[in-house]
Student: 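Mind having a look at this structure? Questions to follow.
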Amino acid sequence: MTRPSRVFLDTNVYIVGVANSTSAEWKILQWLGFESRRSEAAEVVISAEVIEQILRVAKRLKNKDWAGSVVARIWQNLTLRYVLVNEPGFKQPGSLQWLPREDIGVYLTAKFGEADCFVSSNHELIRAIVAETGEFECLKPEDFVSRYLEQ
């Protein structure tokens with residue numbers, strides 16, 4: 001099976017991956033070059049919204065230094081496709097009513113970044129996106145690893 005060339009990782013993938021080196025999330029980060037840049041790695045779709053979420057959650061989980069190191073490795077090692085998701089995009093009346101407010105920026109980042117695959121541990125968000133749009137493949141980290149990395 002052909003691996004996706006552009007992936008979106010939800011905040012939980014970064015946090016769990018860095019915090020647990022035996023997790024599926026960590027395997028995905030390694031494949032993407034999180035520890036050291038890989039020229040053949042897939043592009044990772046990201047936005048200011050996602051970076052802010054990573055910083056906020058990582059600070060709560062450990063501390064601001066740990067949060068900063070996670071974000072620094074994202075910028076230094078991953079092949080990024082940075083997407084601008086502006087505030088008016090968050091307020092699309094009607095069309096995004098099926099999505100919880102806190103997930104709108106996440107979804108729009110993946111959509112505007114033209115992700116091939118959306119990876120998240122948030123089962124409800126994945127189900128909502130698949131049921132509503134079918135715009136990209138949506139997988140839990142374990143499913144992504146079994147489908148694309150354990151070949």
Side-chain angles (χ1 to χ4, degrees), residues 1-90 96 99-126 128-130 133 135-151:
M1 178 161 279
T2 304
R3 292 176 174 162
S5 60
R6 188 173 301 134
V7 297
F8 172 83
L9 305 177
D10 199 358
T11 304
N12 53 61
V13 176
Y14 295 101
I15 299 300
V16 172
V18 177
N20 181 357
S21 64
T22 62
S23 65
E25 290 86 345
W26 179 244
K27 289 178 184 174
I28 295 167
L29 290 173
Q30 282 185 304
W31 172 68
L32 292 167
F34 188 78
E35 287 190 297
S36 63
R37 185 176 279 279
R38 296 181 56 231
S39 59
E40 72 281 359
E43 274 186 311
V44 178
V45 178
I46 200 151
S47 67
E49 170 78 11
V50 175
I51 294 291
E52 288 169 16
Q53 286 185 19
I54 293 167
L55 286 169
R56 186 174 57 251
V57 174
K59 282 182 208 174
R60 274 198 322 255
L61 184 64
K62 294 214 178 186
N63 58 51
K64 68 178 183 168
D65 292 336
W66 189 74
S69 74
V70 171
V71 171
R73 288 197 281 175
I74 290 170
W75 285 116
Q76 291 168 354
N77 296 331
L78 299 183
T79 303
L80 299 176
R81 179 182 186 102
Y82 188 82
V83 178
L84 295 174
V85 180
N86 59 14
E87 190 62 29
F90 291 157
L96 296 178
L99 233 140
R101 173 104 173 107
E102 66 272 8
D103 293 325
I104 292 173
V106 166
Y107 164 73
L108 291 175
T109 298
K111 176 184 174 74
F112 295 159
E114 300 175 339
D116 298 322
C117 187
F118 182 104
V119 183
S120 177
S121 296
N122 184 337
H123 307 270
E124 294 78 27
L125 177 59
I126 287 177
I129 291 172
V130 169
T133 72
E135 292 175 290
F136 26 73
E137 182 179 32
C138 294
L139 297 170
K140 293 180 278 183
E142 300 80 15
D143 297 333
F144 185 92
V145 169
S146 66
R147 180 171 291 173
Y148 295 116
L149 303 184
E150 293 179 346
Q151 298 178 9

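Side chains are part of it too, since the values below use all heavy atoms of this structure and drop only hydrogens, waters and symmetry mates.
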Student: Hey, what do you get for OG1 (Thr79) to CZ (Arg37), rounding to the nearest 0.5 Å?
Tutor: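 Reported value, rounded in 0.5 Å steps: 4.5 Å.
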Student: Any side-chain heavy atom of Tyr107 sitting closer than 4.5 Å to one from Glu135?
Tutor: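 Tyr107 vs Glu135: side chains touch.
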Student: Search all heavy atoms of Ala19 against all heavy atoms of Leu61 and return the closest pair with its distance.
Tutor: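 What the structure gives for the nearest pair is CB-CD2, 4.4 Å.
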Student: Is it the case that the side chain of Asp10 and the backbone of Val13 share a donor-acceptor pair, with hydrogens and angles ignored and the cut-off at 3.5 Å?
Tutor: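 Pair absent, no side-chain N/O of Asp10 close to backbone of Val13.
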Student: Determine whether a donor-acceptor pair (N or O, by modelled atom type, separation under 3.5 Å) exists between the side chain of Tyr148 and the backbone of Asp143.
Tutor: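 Judged by distance alone, no pair lies under 3.5 Å.
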Student: Which heavy atom in Val145 sits nearest to a heavy atom in Ala24, and how many Å separate them?
Tutor: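 Minimum heavy-atom separation between Val145 and Ala24: CG2-O, 3.5 Å.
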Student: Any chance you could measure Glu52, atom CD, to Ile54, atom CD1, to the nearest 0.5 Å?
Tutor: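 It is 10.5 Å, given to the nearest 0.5 Å.
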Student: What is the distance from atom CG of Leu29 to atom CG of Leu9, rounded to the nearest 0.5 Å?
Tutor: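 So the gap between those two atoms works out to 6.5 Å.
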Student: Taking all non-hydrogen atoms of both residues into account, name the closest pair between Lys27 and Leu149 and its distance.
Tutor: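 So the two residues come closest at O-CD1, 3.8 Å.
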Student: Is any side-chain heavy atom of Ser121 less than 4.5 Å from a side-chain heavy atom of Pro141?
Tutor: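 The answer is yes, as the side chains (C-beta and beyond) meet within the 4.5 Å cut-off.
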Student: Atom CD in Gln76, atom OG in Ser69: separation rounded to 0.5 Å?
Tutor: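 Going from CD on Gln76 over to OG on Ser69, the span is 10.0 Å.
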Student: For the side-chain contact (heavy atoms from CB on, under 4.5 Å) test, which of Thr109, Asp116, Val7 pairs with Val45?
Tutor: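 In the set Thr109, Asp116, Val7, the residue that makes a side-chain contact (heavy atoms from CB on, under 4.5 Å) with Val45 is Thr109.
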Student: Measure the shortest side-chain to side-chain distance between Asn20 and Trp26 over non-hydrogen atoms and say whether it is less than 4.5 angstrom.
Tutor: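 Side chain of Asn20 against side chain of Trp26, heavy atoms only: no contact under 4.5 Å found.
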Student: Looking at Ile46, Val50, Val119, Val44, which hits side-chain contact (heavy atoms from CB on, under 4.5 Å) with Phe8?
Tutor: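 The side-chain contact (heavy atoms from CB on, under 4.5 Å) with Phe8 is passed solely by Val50 among Ile46, Val50, Val119, Val44.
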Student: With rounding to the nearest 0.5 Å, note down the distance linking CD in Glu114 to CZ in Arg81.
Tutor: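 It is 5.0 Å, given to the nearest 0.5 Å.
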